[in-house]
Number of protein chains: 2
Amino acid sequence: MEKQAKGAGEGRAGEETRAALVAQALILFGAKGYEATSTREIAAAAGTNIASIAYHFGGKEGLRVACAELVAQRLMAVAGKAVLMADPGGDPARALAMVEMAASAFVGFLLGQPQARDIAIFVVRELSRPGTVFETIYPTAFEPMHRKLCALLGLAAGCDPESDDIRLGAFTLIGQAIYFRIGYFIVMRRMEWEEIGPPEIEAVRATIIGNIRAFVAARRGREQ
Amino acid sequence: MEKQAKGAGEGRAGEETRAALVAQALILFGAKGYEATSTREIAAAAGTNIASIAYHFGGKEGLRVACAELVAQRLMAVAGKAVLMADPGGDPARALAMVEMAASAFVGFLLGQPQARDIAIFVVRELSRPGTVFETIYPTAFEPMHRKLCALLGLAAGCDPESDDIRLGAFTLIGQAIYFRIGYFIVMRRMEWEEIGPPEIEAVRATIIGNIRAFVAARRGREQ
DNA sequence: GTCTATAAACAGATAGAC
DNA sequence: GTCTATCTGTTTATAGAC
């Protein structure tokens, strides 16, 4: 009644409404889960009506897919340049530094502003089960990044980048970072933190980077 | 019509129905999520009717709480003896061995039989947001276990067990294990595994135990 | 305690005016 | 493209027979 005063001859396309719907859906899906979020809720948050979801996306499921596409695109835009194009030039020390930088950025994203956190949890939820969204995000974003991480780790540690050891090790690195988002409230309670701000993020970062160095050091010290 | 032939004078109490409902709800909540699971589904899986959920638990939410209580109880029964009562007797080497044993058991549980995996994911989901279930499981099961893990890690590494470093380090250890459950399908895809059986579990176990040793070694080698 | 039948609320999808 | 009003199916919860 007061929110939208757009007449029929508005001119500006419905691209804005579409974008608002995806943006709000992403936040709500992340915060409450896909099933627990109603289309009415999303429409209200986006300042539009329920019917517009069917119009723009064909239905709730289409909106979910649109969220996945947006996320995959953003992930590639951000990490694609920072991670995928990283070139250590065959130098183990530089490779290690690049892994540390990537981990640092990842932790900052996971624990940063609430909106980023909700997007992160949307991705985690969707990647935890097979489906359309999994098939959208895994091949275009996750797999290339994990492969690159393995390349850097392998170079840094002096191991075959595609060995079971390095591939699984890369998962343990990702996992410990993601846990701080999954277990957000557990961590806050146990650490007796009121909120997770810059100093807290820094503490998490330091611990994870310590683990990365220990991981690499343990392998460097062995054979090869 | 054919499933239940219990007359009025059956004698055996409804404790069985109650237990079946909790058991099936736990599996379904874990597999599909709380919101995505209908009470009809649960009742059918438990071989009873919808009304019995209201009778035994007051409603769907009561069933969720009952699941939490069962999980908290089982966690304490299993891990309570294996972990909480572990006494390294002040020996760092024994403390490290105990952490490794606990991690090994934890990974086995997380990746073991499907039923155990579903229970694990129920716990992870519920602990990821504040609520009644969080308040049930966190203080009675999670907090004591994390504290004990910190004690063992601190002793093994020669650090203050309640320092930020050790407490956060304990989270990174838990996180990397849990990731293999959260990211089950990602791992399978990337590792090109058809299923996660004993040899795959062993590989994950080896990587995580390697990380634990690296974590401890990095701190032992420093000061103190 | 267990069940069927049903009530009341809510979901996602759609028709049609503008 | 946007909206209101409505359709259709499903949800949880409940009443009441047995």
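Everything numeric in this text was worked out from a predicted model, so none of it was measured.
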Partners of A:R147 by side-chain hydrogen bond (donor to acceptor under 3.5 Å, both in side chains), sequence neighbours excluded?
A:E143
Restricting to ring-ring contact (aromatic ring centres under 6.0 Å, His included), what partner residues turn up for A:F106, sequence neighbours left out?
none
Under the salt bridge (charged side-chain N to carboxylate O under 4.0 Å, His left out) test, residues paired with A:R205 that sit two or more places apart:
A:E202
Output row for DNA chain C, stems defined as at least 3 consecutive Watson-Crick or G-U pairs under 3.5 Å, is C:1-18 with D:1-18
Can you name the side-chain hydrogen bond (donor to acceptor under 3.5 Å, both in side chains) partners of B:R190, sequence neighbours left out?
A:H146, A:E162
Residue list, side-chain hydrogen bond (donor to acceptor under 3.5 Å, both in side chains) with A:R167, at least two apart or on another chain
A:D164
Whole angstrom value for the distance that separates P of D:dA13 from CZ of B:R64:
12 Å
Hits for side-chain hydrogen bond (donor to acceptor under 3.5 Å, both in side chains) against B:D118, two or more places apart or cross-chain, chain-then-number order -> none
Taken to the nearest whole Å, CG/A:N49 to P/C:dA13 is 14 Å
d(CD1, A:I50; P, C:dA15) in whole Å
15 Å
Separation of C:dT2 atom C1' from B:R18 atom CZ, nearest Å, is 16 Å
Looking at DNA chain D, which of residues 51-63 of chain B put a heavy atom within less than 4.0 Å of it?
B:A51, B:A54, B:G59, B:K60
Hey, does the side chain of A:T39 come within less than 4.0 Å of C:dA13's phosphate (OP1/OP2), counting only N and O?
no
Give the nucleotide from the list C:dC3, D:dC3, C:dA13 with an atom nearest to the side chain of A:R40.
C:dA13
DNA chain D contacts among residues 28-38 of chain B, heavy-atom distance under 4.0 Å:
B:T37, B:S38
Using atom types as modelled and distance alone, determine if a side-chain donor or acceptor of B:R129 lies under 3.5 Å from a backbone N or O of B:F134.
no
Can you sort out the partners of A:L84 under side-chain contact (heavy atoms from CB on, under 4.5 Å), two or more places apart, ordered by chain and number?
A:M76, A:P144, A:M145, A:K148
Does A:T17 make a side-chain N or O approach to OP1 or OP2 of D:dT2 shorter than 4.0 Å?
yes
Where at least one partner belongs to residues 98-117 of chain B, residue pairs that pass salt bridge (Lys or Arg N to Asp or Glu O under 4.0 Å), sequence neighbours excluded
B:E100-B:R213
Filter on ring pair (Phe, Tyr, Trp, His ring centres under 6.0 Å), then keep only pairs touching residues 17-50 of chain B, sequence neighbours left out; what's left?
B:F29-B:Y34
Verify the neighbour count for atom CD of B:Q115: are there more than 12 heavy atoms of other residues, nucleotides or ligands below 6.0 Å?
no
